[in-house]
Amino acid sequence: MTDHLPSPTVRTVDELRAALLSARAAGDSIGLVPTMGALHAGHLSLIEAARRRCSTVVVSIFVNPTQFDEQADLLLYPRSERRDAQLATRAGADLIFAPEPAEIYPAGFSTAVQVSGLTDRLEGAARGAQHFHGVTTIVCKLLNICGPHLAFFGAKDAQQAAVVRRMVADLDMDVEIVTLPTVREHDGLAASSRNARLTPQQRRRAPCLHAGLQDAAALAADGEDDASRLRARAADRLARAGLEPEYLALVDPDTFEEIDRVERDGLLLVAARLGEVRLIDNTLLHVPSGPTPERRPEAEPDAQHDQTGDELSVCNA
Ligand code: AMP
């Protein structure tokens, strides 16, 4: 990590706007990657994508207090700004925007941006609607502060990306929202800043979230379109690892309304707690069109979707 001097870090709205003046005047495309820091491979994939598509890449690092529903989660959230600046630079960031909370929420701050409907369900129901109101308010502010042409988000937080798209469409914000695929660890666990807080034993069980989703995806690919059977297949894998999901929902990928049957595509989302750590994941289920093939009897999940021996030993326990 010594090959690059980190890109400049700016801390105030005025500094960021001044730093972007010449790029804007030159008509350069500006890309923004909003993060809460503790950068991992998932964040870096967004920065790399921004680098490929934009001439100027801004990475924001701000642990936004208003989107945390648990004080302990906020206090324990990992912070590593120097390391983050190095990693972001290496991945292609030109500028880091790392404001203090008082810069973003000065005394007297009293505005919130709220998307309704979509924010009541799943993460909104589990964490409280304030979570998404915190997300939309900070993302709206970051878009206003930076004025990017493109902003990059991860599919791992699928509902968050949908809520941001809704806000941008409803408020006629002049920015393209780009969503990129979930980056995973070698055993399928979605990369997350919270993974570092898992104990070794929890870390061995955590890939079951992804494995369960993959089991359901395989069943859907075989022609199964019934939501309860698809959810049961994923739940089975979680149960065998001793995990009780907070939710395991099959929804329409556009509206996030729960569906009984997958017409073509459905989004299967899961949230589960391992001790103090709450993890989420999702996968798109695709049911091939055409006549439904004869359904297989409820068989043991196919082991081919397990990606490591570790996962097999724990998830099939
Ligand atoms: P966070 O720092 O957790 O707020 O995440 C910042 C951005 O990185 C969000 O758009 C997330 O969806 C995205 N992100 C987080 N984890 C991953 C991952 N494993 N793969 C791809 N994107 C991710």
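The analysis underlying the following values was restricted to heavy atoms, covering all of them including side chains, and did not include hydrogens, waters or symmetry mates. Note that the structure is predicted; figures quoted are calculated from it, not measured.
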| Sequence neighbours excluded - side-chain hydrogen bond (donor to acceptor under 3.5 Å, both in side chains) pairs with any residue from residues 16-34 | Ser29-Ser55
| said: Checking His149 now: which residues fulfil ring pair (Phe, Tyr, Trp, His ring centres under 6.0 Å) with it, not counting sequence neighbours? | reply: none
Show me the donor-acceptor pairs, under 3.5 Å and distance only, between side chains in residues 263-271 and residues at least two apart or in other chains.
from, atom 1, to, atom 2, distance (Å)
Arg264, NH1, Ser289, OG, 3.4
Asp265, OD1, His286, ND1, 2.7

| Of all pairs that satisfy salt bridge (charged side-chain N to carboxylate O under 4.0 Å, His left out), the ones with a partner from residues 267-279, not counting sequence neighbours | Glu70-Arg273, Glu123-Arg278, Glu246-Arg273, Glu246-Arg278
| task | With sequence neighbours left out, write down each residue that passes salt bridge (Lys or Arg N to Asp or Glu O under 4.0 Å) with Asp170, or none if nothing qualifies. | result | Arg166
| task | Output all residues satisfying salt bridge (Lys or Arg N to Asp or Glu O under 4.0 Å) with Arg165, sequence neighbours left out; order by chain, then residue number. | result | none
| salt bridge (Lys or Arg N to Asp or Glu O under 4.0 Å) involving Asp84 - partner list, sequence neighbours excluded | none
| said: How close do Gly42 and Ala191 get, counting heavy atoms only, and between which atoms? | reply: N-CB, 4.2 Å
| What do the steps show when you test Asp226 against Ser228 for side-chain hydrogen bond (donor to acceptor under 3.5 Å, both in side chains), and what is the final call? | CA-CA 6 Å; Asp226 180 78; Ser228 54; 2.6 Å; yes
| request: Any salt bridge (charged side-chain N to carboxylate O under 4.0 Å, His left out) involving residues 45-59? Give me the pairs, sequence neighbours left out, ordered by first then second residue. | output: Arg51-Asp94, Arg53-Glu176
| What heavy-atom pair brings Ala272 and Pro245 nearest, and what distance separates the two atoms? | CB-CA, 4.2 Å
| note | So salt bridge (charged side-chain N to carboxylate O under 4.0 Å, His left out) across residues 138-164, not counting sequence neighbours, yields none
| Contacts of Tyr77 that satisfy ring pair (Phe, Tyr, Trp, His ring centres under 6.0 Å) - sequence neighbours left out | Phe68
| task | Specify the closest pair of heavy atoms between Ala162 and Phe256, including all atoms of both residues, with the distance to one decimal. | result | CB-CE1, 3.4 Å
| Quick one: side-chain hydrogen bond (donor to acceptor under 3.5 Å, both in side chains) pairs with a partner in residues 101-110, sequence neighbours left out? | Asn64-Tyr105, Thr66-Tyr105
| field | Residue pairs involving residues 11-49 (criterion ring-ring contact (aromatic ring centres under 6.0 Å, His included); sequence neighbours excluded) | value | His40-His43
